[in-house]
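Report on the following structure.
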Amino acid sequence: MPERLLDPTEAKRFEALVLPHLDAAWRLARWLTRNEADAEDLVQEAYVRAWRFFSSLRGDDAKPWLMRIVRNCWFSRARTEAARGKHTSLEEAETEVETMLQSDAPDGAERRLIRLEDTALVRRALDGLPDEYREVLVLREVEDMAYRDLAEATGVPIGTVMSRLSRARKLLGERVKRLSVEAVDAAR
């Protein structure tokens, strides 16, 4: 399919309304794909679709519209590829820890390492949640989207969004607690 050309007014509107949400799109894609390279590819695909279908945006709030495109791209990809279940490689994690340990004062490095461990624990817990729970948690807690915008982005009623968030928070808390206990037991 040839690339859709926007007139200059549409192109400026696209830049003003959609491009500011690039970071949010990447964060959602990162949580959905669980892999940085796949997230970059997914965001690129989503932005191409957003460009192609920009005329379907109603109003000036592009964030929920774009998040829905990212989500739909991911679901399409997940159905056709084995892109799900990929995690950051062990080498990447080791490099990140080593970099943190080498920087600043020893006590600062220790605090950052503890924070990194806590972050990794929450990330593992979040990664283990079913997709529909993980996505609403990321959109609400990381992207700070309103319930109405979440409903629009996910294509479900606001009541479903609220119940998914409640269930997701409960499951996340249970998983964090369980993973913490497992980590303590493993350290003994």
Side-chain angles (χ1 to χ4, degrees), residues 1-89 92-93 95-96 99 115-116 119-120 122-123 126-127 129-158 160-162 164-165 168-169 172:
M1 174 187 256
E3 184 178 323
R4 180 180 184 279
L5 297 176
L6 297 177
D7 68 46
T9 304
E10 281 182 306
K12 284 182 182 178
R13 187 168 180 255
F14 181 88
E15 287 176 17
L17 297 178
V18 180
L19 290 183
H21 303 296
L22 180 62
D23 289 341
W26 185 86
R27 284 188 299 268
L28 175 60
R30 169 61 182 89
W31 282 109
L32 292 173
T33 63
R34 303 177 180 132
N35 178 285
E36 290 189 17
D38 290 343
E40 290 172 6
D41 291 344
L42 185 64
V43 169
Q44 185 175 14
E45 180 182 341
Y47 266 80
V48 168
R49 283 189 191 180
W51 178 267
R52 186 175 294 145
F53 299 106
F54 185 60
S55 62
S56 70
L57 173 64
R58 301 292 174 242
D60 289 337
D61 191 5
K63 188 173 184 178
W65 177 79
L66 180 63
M67 296 301 109
R68 187 170 188 146
I69 292 172
V70 170
R71 178 181 185 268
N72 289 342
C73 287
W74 180 73
F75 280 124
S76 294
R77 183 179 286 192
R79 280 192 293 268
T80 59
E81 298 177 9
R84 295 165 95 177
K86 294 183 181 178
H87 297 279
T88 303
S89 72
E92 289 176 33
T95 301
E96 186 176 352
T99 301
R115 207 169 40 244
L116 178 63
T119 301
V122 172
R123 179 174 284 163
L126 190 56
D127 279 350
L129 292 180
D131 297 337
E132 66 272 10
Y133 296 134
R134 191 174 64 250
E135 90 177 330
V136 295
L137 266 176
V138 169
L139 290 172
R140 177 70 186 140
E141 304 302 338
V142 176
E143 297 306 322
D144 199 31
M145 289 180 72
Y147 292 119
R148 176 185 49 82
D149 293 339
L150 266 166
E152 184 180 332
T154 59
V156 297
I158 198 164
T160 303
V161 166
M162 293 168 74
R164 280 185 186 173
L165 271 169
R169 288 175 178 139
L172 183 65

Any non-hydrogen side-chain atom of [X] less than 4.5 Å from a side-chain atom of [Y]?
{"X": "Y47", "Y": "L22", "answer": "yes"}
{"X": "E36", "Y": "W26", "answer": "yes"}
{"X": "R13", "Y": "D60", "answer": "yes"}
{"X": "M67", "Y": "E135", "answer": "no"}

- Output, in order, the C-alpha distance, side-chain angles, deciding distance and verdict of side-chain contact (heavy atoms from CB on, under 4.5 Å) for V138 and R27. CA-CA 8 Å; V138 169; R27 284 188 299 268; 5.5 Å; no
If you compare all heavy atoms of [X] against all heavy atoms of [Y], which two are closest, and at what distance to 0.1 Å?
{"X": "A46", "Y": "C73", "value": "CA-SG, 3.7 Å"}
{"X": "A151", "Y": "P157", "value": "CB-C, 4.2 Å"}
{"X": "R30", "Y": "N35", "value": "NH1-N, 3.4 Å"}
{"X": "G59", "Y": "L17", "value": "O-CD1, 4.4 Å"}
{"X": "L172", "Y": "L126", "value": "CD1-N, 3.6 Å"}
{"X": "L129", "Y": "A168", "value": "CD1-O, 4.1 Å"}

- Query: So with a 6.0 Å cut-off around CD of E141, is the heavy-atom count from everything else above 12?
  - Reply: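 Enclosed: over 12 neighbouring heavy atoms sit under 6.0 Å from CD of E141.
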- Keeping the roles fixed (side chain from R58, backbone from S55), state whether a donor-acceptor pair exists under 3.5 Å.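 Indeed, once roles are kept as given, a pair shorter than 3.5 Å links the two residues.
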- Backbone of E152 reached by a side-chain donor or acceptor of R68 within 3.5 Å: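 At least one qualifying donor-acceptor pair exists.
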- Message: My understanding is that only one of D61, V18, L28 makes a side-chain contact (heavy atoms from CB on, under 4.5 Å) with L66; could you say which?
- Response: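 Single pass found, and it is V18.
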- Of D149, V156, L139, which is the lone residue that meets side-chain contact (heavy atoms from CB on, under 4.5 Å) with V161?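 Looking at D149, V156, L139, the match for V161 under the side-chain contact (heavy atoms from CB on, under 4.5 Å) is V156.
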- Item | Pair I69-F53, side-chain contact (heavy atoms from CB on, under 4.5 Å): steps then yes or no | CA-CA 10 Å; I69 292 172; F53 299 106; 5.8 Å; no
Between atom [atom1] of [X] and atom [atom2] of [Y], what is the distance when rounded to the nearest 0.5 Å?
{"X": "F14", "Y": "L57", "atom1": "CZ", "atom2": "CG", "answer": "10.0 Å"}
{"X": "E10", "Y": "W51", "atom1": "CD", "atom2": "CH2", "answer": "8.5 Å"}
{"X": "T160", "Y": "L165", "atom1": "OG1", "atom2": "CG", "answer": "11.0 Å"}
{"X": "W31", "Y": "E143", "atom1": "CH2", "atom2": "CD", "answer": "11.0 Å"}
{"X": "T33", "Y": "R77", "atom1": "OG1", "atom2": "CZ", "answer": "8.0 Å"}
{"X": "R71", "Y": "E132", "atom1": "CZ", "atom2": "CD", "answer": "9.5 Å"}

